Amino acid sequence: MASFRASFLFLSLTTLTVAAVVSGHNITDILAGFPEYSQFNSFLSQTKLADEINSRQTITVLVLNNGAFSSLTSGHPLSVVKKALSLHILLDYYDGDKLHKISNGTTLTTTLYQTTGNAPGNLGFVNITDLKGGKVGFGSAAPGSKLDSSYTKSVKQIPYNISVLEISAPIIAPGLLTAPPPSADVNITALIEKAGGKTFASLLVSSGVIKTYEKAVENGLTIFAPSDEAFKARGVPDLNKLTNAEVVSLLLYHAAGKYLPVGALKTSKDPISTLATNGAGKYEFSTTTAGDAVTLHTGVDSSRVASTVLDSTPLAIFTVDSVLLPTELFGKSPSPSPAPAPEPVSSPTPAPALAPKAKSPAPAAASPSAPIAGTPAGSPAETPSAAADHGAQEKAAGVHVEVSAVLAVLLVVISSIVLS
Ligand SMILES: *[C@@H]1O[C@H](CO)[C@@H](O)[C@H](O)[C@H]1NC(C)=O
Ligand SMILES: *[C@@H]1O[C@H](CO)[C@@H](O)[C@H](O)[C@H]1NC(C)=O
Ligand SMILES: *[C@@H]1O[C@H](CO)[C@@H](O)[C@H](O)[C@H]1NC(C)=O
Ligand SMILES: *[C@@H]1O[C@H](CO)[C@@H](O)[C@H](O)[C@H]1NC(C)=O
Ligand SMILES: *[C@@H]1O[C@H](CO)[C@@H](O)[C@H](O)[C@H]1NC(C)=O
């Protein structure tokens, strides 16, 4: 009995520890053991979908072997391959058993493509149907689509976090492969204006920095556009008092010369350099994550990433709640009073997929070289939110409940051991 209790205690402790480490899976690592999926794996990394997969719990990846996958990649730009691949990432857990137990024999399941905002109607859903003779068919949920892909075998399961299943042929939503690559002729300022960033957009144009942005797109660019409200907030330095060179640096600081969709921001552990980074100044910022919310820390202030305006390889555009103030310009200078607690004014643009205002780690106002994001220095009280990192809002709540339940069980077990 005692040993039963002891092992139960051990189990509970293990659960608690693992829950604190967030989702431990690494799809790149999982697929590395299977050369037949090397192409699929390589494109998951190139499109940064691997980060997105690793940052989520309860996920199923439908992989294609190199032969079947080649039809998706040949002649298509990376942005199109990314969309196609996102349709093979199901936001639910399916293993071979569950595929054969679908109630009523057919279901529509949500994919990662649906979360991009680029999938009108049913395009972001996949139809899974238990066909006669034990065969399970997959197809786009768009009306009139055929179920011309089928389940071939299970590759790897870590219940109920990630499942990797092989299917016979790509799942293709109507129009997906023929869509023109969007970022070639995207109007950056128009998009930012429309998302509530008129001030930022006009500064980009008047300073000429927009040209630098446009040139950078080709090699990957991520823009963090402050909202109009952000420029009116207290503590924002008077731009008229800055030199032209300082304004340019400030604007360049609001973009990274890499494609960093939200999944990449969440998993980024190193400071992120910006277009302002040069020999004379680091001009970096770090990130922290709480639930689905990502916060950027410059060392002077912090800003929540409010919404995704565009996510289309190689260009990502986000709105942020605050003007990002680099330490190189505002760190030591006495002039602008650094806003102490930049938990931002609530955003006027409703931000999709944001966690309930979680305790974001204290901004690094005091220490410019604050510890870097990703793993907010964890007091035990913080672990539930760290564990919740990767779920959707509702999941975040679920994990909180789960962890406190485990704690409660632990207490009961400990006291019963002590009593016996
Ligand atoms: C799955 O993820 C949850 C939450 O992060 C964790 O508690 C659990 O141990 C993981 N399971 C495995 C087998 O890794
Ligand atoms: C996942 O695994 C790959 C290959 O083993 C490794 O290069 C990468 O750093 C890992 N990613 C994370 C987030 O640990
Ligand atoms: C199964 O089909 C029946 C009758 O068509 C329907 O009433 C029921 O809601 C379906 N169940 C599920 C889980 O879709
Ligand atoms: C899935 O597709 C099949 C074949 O087109 C169709 O009969 C079925 O109703 C679809 N399932 C759902 C849930 O829409
Ligand atoms: C982009 O949009 C802005 C206004 O939103 C407009 O003034 C500008 O001419 C557009 N640029 C191009 C190249 O179409």
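Order of listing sets the numbers, starting from 1, for every ligand and every atom in it. What you see is a predicted model; the values in this text were computed from it and never measured. When reading the values below, keep in mind they use all heavy atoms of this one structure, side chains included, and skip hydrogens, waters and symmetry mates.
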Shortest protein heavy-atom distance from [atom], along with the residue and atom involved:
{"atom": "atom 4 (C) of ligand 4", "value": "Leu147 CD1, 3.9 Å"}
{"atom": "atom 11 (N) of ligand 4", "value": "Thr106 OG1, 2.8 Å"}
{"atom": "atom 5 (O) of ligand 4", "value": "Ser145 O, 4.1 Å"}
{"atom": "atom 2 (O) of ligand 2", "value": "Asn26 ND2, 2.3 Å"}
{"atom": "atom 6 (C) of ligand 4", "value": "Asn127 ND2, 4.1 Å"}
{"atom": "atom 14 (O) of ligand 4", "value": "Leu108 CD2, 3.7 Å"}

Legend entry - Lys/Arg-Asp/Glu bridge criterion (N-O < 4.0 Å) met for Lys101, Asp130: no
Inset, instruction - Taking only Lys NZ, Arg NE, NH1 and NH2, and the carboxylate oxygens of Asp or Glu, determine whether Lys48 and Glu52 approach each other closer than 4.0 Å. - result: no
Legend entry - Heteroatom distance test (Lys269, ligand 2): nitrogen or oxygen, under 3.5 angstrom: no
Inset, instruction - Kindly confirm or rule out an N or O of Asp29 lying under 3.5 angstrom from an N or O of ligand 2. - result: yes
Inset, instruction - Check whether any side-chain heavy atom of Phe318 sits under 4.5 Å from a side-chain heavy atom of Ser307, and report yes or no. - result: no
Inset, instruction - Show which atoms of ligand 1 fall inside a sub-4.0 Å distance from at least one heavy-atom site of Gln57. - result: 4 (C), 5 (O)
Legend entry - Option nearest atom 1 (C) of ligand 1 (shortest heavy-atom distance, choices Asn161, Ile158, Ile162): Asn161
Legend entry - Under-4.0 Å heavy-atom contact between protein and atom 9 (O) of ligand 2: no
